[in-house]
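The analysis underlying the following values was restricted to heavy atoms, covering all of them including side chains, and did not include hydrogens, waters or symmetry mates.
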Amino acid sequence: MMMMCATAVLAALYGDTPDAKHAWAVHDYNRPKPSKVEPAATIGQPPSDAVVLFDGTKASFEKNWCDKDGKPPAWSYSADGYFYTVPGWKNGGAIFTRAEFGDCQLHIEYRHDPEQLYADKGPQMRGNSGVFLMNNYEIQVLESYYTSRERADQADYIDNYADGQAGSVYAENPPLVNPARKPGEWQVYDIVFHQPVWDGLKLVHPGSVSVFFNGVLVQDHWEMEGLTTHCKRRPLAPHKTVGPLQLQDHGCVVQFRNVWYRPLASRWANTTHSTLSADENDVMALRRATAAKLFAQIEDPKAATAANVKALGEVISYANEGAYKAAFEAALKAYRAKPGDAKEIADVNKALDVLIRNGVINGSLRLK
């Protein structure tokens with residue numbers, strides 16, 4: 001008798017079975033389930049698996065941020081729950097997280113004081129800063145509400161280059177639209193970042209960044225063209241796979257709050273279930289491990305039952321070899337000698353058809 005309940009799902013005999021690039025079947029109940037993460041009660045607050053880089057307290061600011069030399073940052077902290085650049089041309093210098101990370105989901109909020117926009121110093125001095133992912137890829141921070149003619153009359157309009165306004169991948173790609181709020185209101189970035197992937201000096205994939213600006217998608221999976229630059233293009237080049245988050249000091253007063261990130265696995269790190277990055281040896285190793293687990297759950301592989309044929313059929317969908325193949329063929333042969341009723345035979349054939357369709361077994365094994 002098999003140690004399987006009547007409601008057991010034979011997933012690999014339902015959708016397309018595993019193959020050389022995919023360790024799991026389509027709709028596979030054997031595939032590991034995602035871990036549980038508790039969302040925040042308030043939108044924009046960190047979920048349970050986030051790493052908080054600034055929670056509004058001075059202790060959090062001092063613990064998580066430093067200058068380029070690892071010393072305490074020269075930026076200022078406000079008891080109102082934000083930190084900000086020191087007024088004056090680069091008096092504080094850029095600041096960096098002590099933590100280093102790579103692919104991530106990043107949340108950060110910033111605000112411009114309408115009284116400290118330095119409007120007389122040109123459009124790139126209107127609250128200029130930057131969110132530098134891994135210290136190499138900048139999402140521009142700038143007061144950009146008035147760079148849209150739809151929002152400003154002739155007196156208010158600020159002309160500025162498109163790839164240098166808020167929401168741009170600086171010097172590469174302007175935002176798709178301009179959802180900036182007015183100066184004095186908090187602006188929100190939610191960023192999904194994947195760094196470039198290298199094989200030695202060969203670029204495998206340029207990486208990508210998606211940016212939601214105040215909840216509006218402004219960078220749609222933009223693939224990196226180079227390292228952040230000014231005026232002159234800088235091609236992509238290999239670098240460490242982790243790095244700090246940098247916030248730029250451009251001589252402007254910009255306030256920041258509610259900064260957190262979630263580390264993400266690289267899309268290219270998936271070697272067991274991907275048409276792009278799968279390693280066939282890793283795929284087969286996982287398939288064999290799954291086959292072994294399923295085979296161990298069958299109490300008597302020699303039993304001449306429909307349930308046994310289907311259970312062993314699921315096993316060979318992962319690894320049609322050795323003892324598994326022999327056990328399946330023996331069980332099917334034994335079942336042929338004393339099959340069940342028409343309904344049961346149809347049910348077995350339904351499972352066999354999946355194996356036949358996916359090339360696991362020969363069509364001649366179908367029951368008549």
Side-chain angles (χ1 to χ4, degrees), residues 44 52-58 60-62 64-68 72-97 106-133 135-148 158 160-161 163-171 174-175 178-191 211-216 218-219 228 230 244-261:
V52 177
L53 298 171
F54 180 65
D55 64 6
T57 65
K58 186 175 183 180
S60 175
F61 177 56
E62 293 175 344
N64 292 301
W65 298 84
C66 60
D67 68 11
K68 64 181 179 61
W75 291 26
S76 297
Y77 168 78
S78 168
D80 290 328
Y82 60 84
F83 61 87
Y84 58 99
T85 48
V86 179
W89 180 244
K90 299 187 178 181
N91 283 346
I95 64 170
F96 305 81
T97 57
L106 175 70
H107 179 95
I108 187 167
E109 302 173 16
Y110 67 90
R111 182 171 67 178
H112 299 104
D113 184 342
E115 303 301 319
Q116 301 187 77
L117 285 177
Y118 310 131
D120 59 326
K121 296 184 179 180
Q124 281 293 307
M125 285 299 292
R126 290 180 62 83
N128 193 325
S129 182
V131 174
F132 282 75
L133 298 150
N135 199 28
N136 280 308
Y137 308 96
E138 181 186 9
I139 306 302
Q140 174 74 317
V141 169
L142 194 73
E143 193 295 293
S144 297
Y145 182 85
Y146 294 108
T147 59
S148 294
I158 304 296
N160 194 12
Y161 50 88
D163 60 0
Q165 70 177 62
S168 64
V169 178
Y170 188 74
N178 179 4
R181 297 187 175 111
K182 291 182 177 180
E185 299 181 29
W186 284 101
Q187 319 282 346
V188 180
Y189 280 167
D190 287 289
I191 300 169
V211 180
F212 288 85
F213 183 7
N214 293 330
V216 179
V218 296
Q219 296 292 339
T228 289
H230 177 63
L245 173 68
Q246 179 204 145
L247 298 181
Q248 183 187 37
D249 178 2
H250 199 274
C252 306
V253 178
V254 185
Q255 304 163 355
F256 293 91
R257 71 177 187 185
N258 193 19
V259 188
W260 53 264
Y261 77 95

>> So which atom in Leu142 and which in Arg126 form the shortest heavy-atom distance, rounded to 0.1 Å?
In response: CD1-O, 3.4 Å
> To the nearest 0.5 Å, what is the distance between CH2 (Trp260) and CD (Glu109)?
Replying inline: 9.5 Å
>> Can you give me the closest heavy-atom contact between Tyr161 and Tyr170, atom names plus distance?
In response: OH-OH, 2.6 Å
>> Main chain of Asp249, side chain of Trp75: is a donor-acceptor contact present, judged purely on distance under 3.5 Å?
In response: no
>> With rounding to the nearest 0.5 angstrom, report the OG to OH distance, Ser76 to Tyr84.
In response: 4.0 Å
> Stepwise, does the side-chain contact (heavy atoms from CB on, under 4.5 Å) test hold for Gln219 with Ile191?
Replying inline: CA-CA 9 Å; Gln219 296 292 339; Ile191 300 169; over 6 Å; no
>> Please check this pair: side chain of Ser168 against backbone of Pro174, looking for a donor-acceptor N/O pair closer than 3.5 Å.
In response: no
> Could Arg257 and Phe54 be counted as a cation-pi pair, given that NZ or CZ must be under 6.0 Å from the ring centre and within 45° of the axis?
Replying inline: no
>> Would Gln140 and Val169 count as a side-chain contact (heavy atoms from CB on, under 4.5 Å) here? Give the steps.
In response: CA-CA 6 Å; Gln140 174 74 317; Val169 178; over 6 Å; no
>> I'd like to know if the side chain of Thr85 reaches the main chain of Cys252, judged simply by a donor and an acceptor atom lying under 3.5 Å from each other, with no hydrogens or angles considered.
In response: yes
>> Let's go through Leu106 and Val131 carefully: what are the C-alpha distance in whole Å and the side-chain angles of both, what is the deciding distance for side-chain contact (heavy atoms from CB on, under 4.5 Å) to 0.1 Å, and is it a yes or a no?
In response: CA-CA 10 Å; Leu106 175 70; Val131 174; 3.8 Å; yes
> Hey, mind stepping through Thr147 and Asn178 against side-chain hydrogen bond (donor to acceptor under 3.5 Å, both in side chains) and telling me if it holds?
Replying inline: CA-CA 8 Å; Thr147 59; Asn178 179 4; 3.3 Å; yes
> Closest heavy-atom contact between Phe61 and Pro73?
Replying inline: CZ-CG, 3.6 Å
>> Within this structure, what is the OH-NZ distance for the pair Tyr146 and Lys182, rounded to the nearest 0.5 Å?
In response: 5.5 Å
> Are any of the side-chain heavy atoms of Leu133 and Ile139 separated by less than 4.5 Å?
Replying inline: yes
> Can you find a side-chain donor-acceptor pair between Asn136 and Thr228 that sits under 3.5 Å?
Replying inline: no
> Closest approach of Ala180 and Tyr145, non-hydrogen atoms and distance?
Replying inline: O-CD1, 3.1 Å
> Do Asn214 and Gln187 get their side chains close enough for a donor-acceptor pair, meaning under 3.5 Å?
Replying inline: yes
> Measuring from Asn258:CG to His107:NE2, what's the distance to the nearest 0.5 Å?
Replying inline: 4.0 Å
>> Could you tell me if Gln165 and Asn160 have a donor-acceptor pair between their side chains, going purely by distance under 3.5 Å?
In response: no
> Hey, is the main chain of Ala166 close enough, under 3.5 Å, to the side chain of Ser144 for a donor-acceptor pair?
Replying inline: yes
> Parallel, tilted or perpendicular for Phe213 and Tyr189, by the 30°/60° rule?
Replying inline: perpendicular
> Just how far is it from atom CD of Glu143 to atom NE2 of His112, taken to the nearest 0.5 Å?
Replying inline: 6.5 Å
>> Is any side-chain heavy atom of His250 closer than 4.5 Å to one of Met125?
In response: yes
> Between Gln255 and Trp186, what is the shortest heavy-atom contact and its length?
Replying inline: O-CZ3, 3.7 Å
> Below 4.5 Å, heavy atoms only, C-beta onward: do Val141 and Asn128 meet side chain to side chain?
Replying inline: no
> Are the side chains of Val218 and Pro179 in touch, meaning some heavy atoms are under 4.5 Å apart?
Replying inline: yes
> Got a second to check how far Ile108's CD1 is from Leu245's CG, nearest 0.5 Å?
Replying inline: 6.0 Å
>> Please determine whether side-chain contact (heavy atoms from CB on, under 4.5 Å) holds for the pair Gln248 and Ser129, giving the CA-CA distance in whole Å, both sets of side-chain angles, and the decisive distance to 0.1 Å.
In response: CA-CA 5 Å; Gln248 183 187 37; Ser129 182; 4.1 Å; yes
> Looking at Phe83 versus Tyr77, is the centre-to-centre ring distance below 6.0 Å?
Replying inline: no
